[in-house]
Each structure stands twice: as structure tokens, then as C-alpha cells.
Amino acid sequence: MWYSVVYKAIQQIPYGKVTSYGHIANLVGYPERPRQVGLCLKHLPDSSDQPDSRYNGDNVPWQRVINSKGVISNRGAGGAARQETALEAEGVEVGRGALGERTVDFGTYGWFPDRLPSDSDDEDEDEDEE
DNA sequence: GACATGACAAGGC
DNA sequence: AGCCTTGCCATGT
């Protein structure tokens, strides 16, 4: 499924690095669909909610995915704060915008490869793609 | 099954 | 340079 590809792409993000939704969309082959990338994270099951799911908030570093402005989206549930904590735990310096938004310096922690490092090679995982 | 929504991004004004 | 509109496709009601 499309989501699975996105999750895999996100899992390619190295520790202590962050990238944008748009770039993820680019890596998965759908540069015109950054929204769906965000949806993936939104629909991302919690490790405690869907422990049987291959992809959940426990094995997918959704925290390393922020918007193109380098700002952590404010989903209104204080989730941004949780994301900030997760990022700082990885050594990522999370700053504060004028409005109090959590910002990350792409110039320092930005991760923008031309393509998925592991996608170019053979992935012998039990994926259920096309 | 159809309509509305959604953690975004880019173009236009 | 900033704000508003459009594009997108899977998930949910």
C-alpha cells in the first residue's frame, strides 16, 4: 500500500536528522502528494493501540518528519510538544518561533537525499506492495 | 458507496 | 514577502 511505502521511507531517516513531508513524498515517488504523507503519520497506529501493525508510532520515526518550513506542525493536541521531546532526545536542537512554534534548523539537521538509500538496493523484507 | 477531511506544498495575487 | 487557493488520495462516517 501507499502508506507502507511512506512508512518505509520515513524509517530511512537517520537518527538525529529531520526531513520535510514534501521530501518524503518525493522519495516515495509521489512529489505531488505531501498531504498524504502527513495523513500516513496521522493514521499511524500507536504501538499500544495497534501492536500487531507492522508500522506504528514505535517503529516509525514520525518525529523526524516536519513541514517544509522547518516547523513542527501544531496538531492542537500537544502532540507537537511530544515530537519536540522526541527530537531533542535524538540530539536535534528544537528552537522556538516568534509564535512559539517548535522549529528545526534544516541546515543543521536537514536530511534531503536524492532517493531512498535502501530503496535503490534489494529489500528482502516481507512487504506487500504491488 | 459517496462525501468530507486531513501532521502539507507550491503558485498566484 | 505574506496570505489565499488548488491539488491529492486513503481513511472515516
Side-chain angles (χ1 to χ4, degrees):
Chain A
M1 179 182 278
W2 135 268
Y3 270 36
S4 306
V5 204
V6 175
Y7 291 146
K8 289 202 309 183
I10 295 176
Q11 291 178 326
Q12 307 310 305
I13 306 175
Y15 182 96
K17 290 295 181 85
V18 296
T19 191
S20 65
Y21 294 93
H23 200 81
I24 291 296
N26 226 319
L27 295 178
V28 298
Y30 294 90
E32 317 301 298
R33 275 127 257 196
R35 303 180 83 167
Q36 273 48 263
V37 177
L39 278 181
C40 292
L41 302 182
K42 177 182 122 187
H43 282 276
L44 218 181
D46 189 81
S47 50
S48 307
D49 189 57
Q50 299 288 333
D52 60 303
S53 296
R54 272 180 317 196
Y55 302 106
N56 56 55
D58 192 56
N59 55 30
V60 178
W62 56 274
Q63 55 207 71
R64 298 174 195 156
V65 186
I66 61 185
N67 62 31
S68 65
K69 290 166 292 203
V71 180
I72 299 175
S73 301
N74 175 49
R75 17 200 196 301
R82 176 169 135 232
Q83 184 167 0
E84 177 196 338
T85 305
L87 286 174
E88 291 195 318
E90 301 193 349
V92 177
E93 187 176 8
V94 181
R96 288 298 178 79
L99 301 175
E101 322 75 75
R102 295 156 175 83
T103 63
V104 179
D105 179 22
F106 278 137
T108 306
Y109 306 103
W111 181 74
F112 303 95
D114 293 346
R115 64 191 177 194
L116 291 176
S118 303
D119 191 56
S120 320
D121 207 341
D122 281 49
E123 288 297 298
D124 294 298
E125 296 182 49
D126 53 301
E127 309 303 329
D128 62 301
E129 297 162 66
E130 269 66 3

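Values in this document were obtained by computation on a predicted structure and should not be read as measured data. In the text below, chain A, chain B and the rest are named by the order of the sequence lines, each starting its count at 1. Values reported hereafter were calculated over all heavy atoms of this structure, with side chains retained and with hydrogens, waters and symmetry mates removed.
- Cluster partners of A/Y15: none. The rule joins Ile, Leu, Val, Met, Phe, Trp and Tyr whenever side-chain heavy atoms lie under 4.5 Å apart, and it links nothing here.
- Within a heavy-atom distance below 4.0 Å of DNA chain B, no residue of residues 101-113 of chain A is found.
- The salt bridge (Lys or Arg N to Asp or Glu O under 4.0 Å) pairs that include a residue from residues 103-114 of chain A number zero, where partners must be two or more places apart or lie in different chains.
- Remark: the A/Y21 side chain and the B/dA9 base include no donor-acceptor N/O pair separated by less than 3.5 Å.
- Between the CG atom of A/L44 and the P atom of C/dG12 there is a distance of 13 Å, rounded to whole Å.
- Linking ILVMFWY residues whenever their side-chain heavy atoms come closer than 4.5 Å, directly or via other members, leaves A/L41 and A/I72 in distinct clusters.
- Closest of all the heavy-atom pairs between A/G57 and A/W62 is O-NE1, 3.7 Å.
- For residues 86-104 of chain A, the set of pairs meeting the side-chain hydrogen bond (donor to acceptor under 3.5 Å, both in side chains) definition, not counting sequence neighbours, comprises A/Q63-A/E90, A/R64-A/E90, A/E84-A/R96, A/E84-A/R102.
- Here the shortest heavy-atom pairing between A/Y3 and A/C40 reads CD1-SG, 3.4 Å.
- When every heavy atom of A/P61 is checked against every heavy atom of A/N59, the shortest pair comes out as CD-O, 3.7 Å.
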Dump every N/O contact between nucleotides 11-13 of chain B and the protein below 3.5 Å, one line per pair.
none

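- A sub-4.0 Å separation between OP1 or OP2 of B/dC8 and a side-chain N or O of A/S73 is present.
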Legend entry - Nucleotide-resolved protein contact map, nucleotides 5-10 of chain C, B/S/- at heavy-atom distance under 4.0 Å: --BBBS

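- For A/K8 against A/Y55, the heavy-atom pair with the smallest separation is CG-OH, 3.2 Å.
- A/K69 meets the side chain to side chain contact (heavy atoms under 4.5 Å, CB included) test with A/N67, A/V71; sequence neighbours excluded.
- Rounded to whole Å, the distance from NE2 on A/H23 to C1' on B/dA10 is 16 Å.
- Here ring pair (Phe, Tyr, Trp, His ring centres under 6.0 Å) pairs that include residues 82-108 of chain A, with residues two or more places apart or in two chains, are A/F106-A/F112.
- An OP1 or OP2 oxygen of B/dA9 is reached within less than 4.0 angstrom by a side-chain nitrogen or oxygen of A/S68.
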Show every donor-acceptor pair shorter than 3.5 Å between a side-chain atom in residues 18-36 of chain A and any protein atom, with sequence neighbours excluded, or say none if there are none.
unit_1, atom_1, unit_2, atom_2, d
A/T19, OG1, A/W111, O, 3.0
A/S20, OG, A/H23, N, 3.3
A/H23, NE2, A/P113, O, 2.8

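- With rounding to whole Å, A/I66 atom CD1 is found 12 Å from B/dC8 atom C1'.
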